[in-house]
Amino acid sequence: MSEAQTETELVSIARDLTAFQQNILVILSEEAMYGLAIKRELESYYDAEVNHGRLYPNLDDLVELGLVEKSELDKRTNQYELTEKGRKAVLDRLDWVVGKYVTDEDRAADVRGLVDDALDA
């Protein structure tokens, strides 16, 4: 399989993810985390409880797609980490959102402000 085919498949996979799965990838962009830490981040974002029965099947799907790597921290705790393929999926989504949002210089300045704020944090 050529590199171009692999990139096309990645874009297709990334664009078929649910918003919930995309949010998991964004959370894991910051650092590797165990499941309950991801759950807390999602609950903070959604301002609502996230059930284990929703979180873990989605994490397993992301692992199966090669976007997230799962490793064992101890006998009871797994750690999840974004793969290079997962990082590219996040970038693809950001590229699409920014490309749709930035329609003039004012909106471009809005995005620059968000980036500057994130770098200052």
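Atoms considered below: every heavy atom in the structure, side chains included; atoms not considered: hydrogens, waters and symmetry mates. In this chain, residues are counted from 1 in sequence order.
Of all heavy-atom pairs spanning Leu55 and Leu42, the tightest one is CD1-CD1, 3.7 Å. Heavy-atom minimum distance, Gly86 versus Leu25: O-CD1, 4.5 Å. Pairing each heavy atom of Thr83 with each of Gly66, the nearest pair is OG1-O, 2.7 Å.
Side-chain contact between Leu17 and Leu65 is present, with at least one heavy-atom pair separated by less than 4.5 Å. Between Glu49 and Asn51 there is a side-chain heavy-atom pair separated by less than 4.5 Å. With a 4.5 Å cut-off on side-chain heavy atoms, Tyr80 and Ile24 do not count as touching. Counting only heavy atoms from C-beta outward, the side chains of Asp92 and Arg15 approach each other to under 4.5 Å.
The hydrophobic clustering, which links ILVMFWY residues whose side-chain heavy atoms are closer than 4.5 Å, places Val97 and Val102 apart. Note on Leu91 and Leu114: separate hydrophobic clusters, where clusters join Ile, Leu, Val, Met, Phe, Trp and Tyr whose side-chain heavy atoms are under 4.5 Å apart, directly or indirectly.
Within 6.0 Å of atom OH in Tyr45, 12 or fewer heavy atoms from other residues, nucleotides or ligands are found, so the atom counts as exposed in its surroundings. In Glu30, the CD atom is not crowded: 12 or fewer heavy atoms of neighbouring residues, nucleotides or ligands sit closer than 6.0 Å.
By the side-chain contact (heavy atoms from CB on, under 4.5 Å) test, Ser71 pairs with Gln79, sequence neighbours left out. Residues passing the salt bridge (charged side-chain N to carboxylate O under 4.0 Å, His left out) test with Arg87 are Glu84, sequence neighbours excluded.
Evaluation of the side-chain hydrogen bond (donor to acceptor under 3.5 Å, both in side chains) test over residues 52-67, restricted to residues two or more places apart or in two chains, returns Gln21-Asn58. Note on residues 112-121: pairs passing side-chain hydrogen bond (donor to acceptor under 3.5 Å, both in side chains), not counting sequence neighbours, are Glu105-Arg112. Residue pairs meeting the side-chain hydrogen bond (donor to acceptor under 3.5 Å, both in side chains) criterion with at least one partner in residues 93-102, sequence neighbours excluded, are Gln22-Arg93, Tyr101-Asp110. Legend: salt bridge (charged side-chain N to carboxylate O under 4.0 Å, His left out) pairs involving residues 74-83, not counting sequence neighbours: none detected.
Here the CD atom belonging to Glu43 is positioned 9.0 Å from the CG atom belonging to Leu36, to the nearest 0.5 angstrom.
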Working for side chain to side chain contact (heavy atoms under 4.5 Å, CB included), residues Asn78 and Leu73: CA-CA 5 Å; Asn78 291 314; Leu73 281 176; over 6 Å; no
Set out, in order, the CA-CA distance, both residues' side-chain angles and the distance that settles side chain to side chain contact (heavy atoms under 4.5 Å, CB included) for Ile27 and Met33, then state yes or no. CA-CA 9 Å; Ile27 288 167; Met33 294 181 171; 3.6 Å; yes
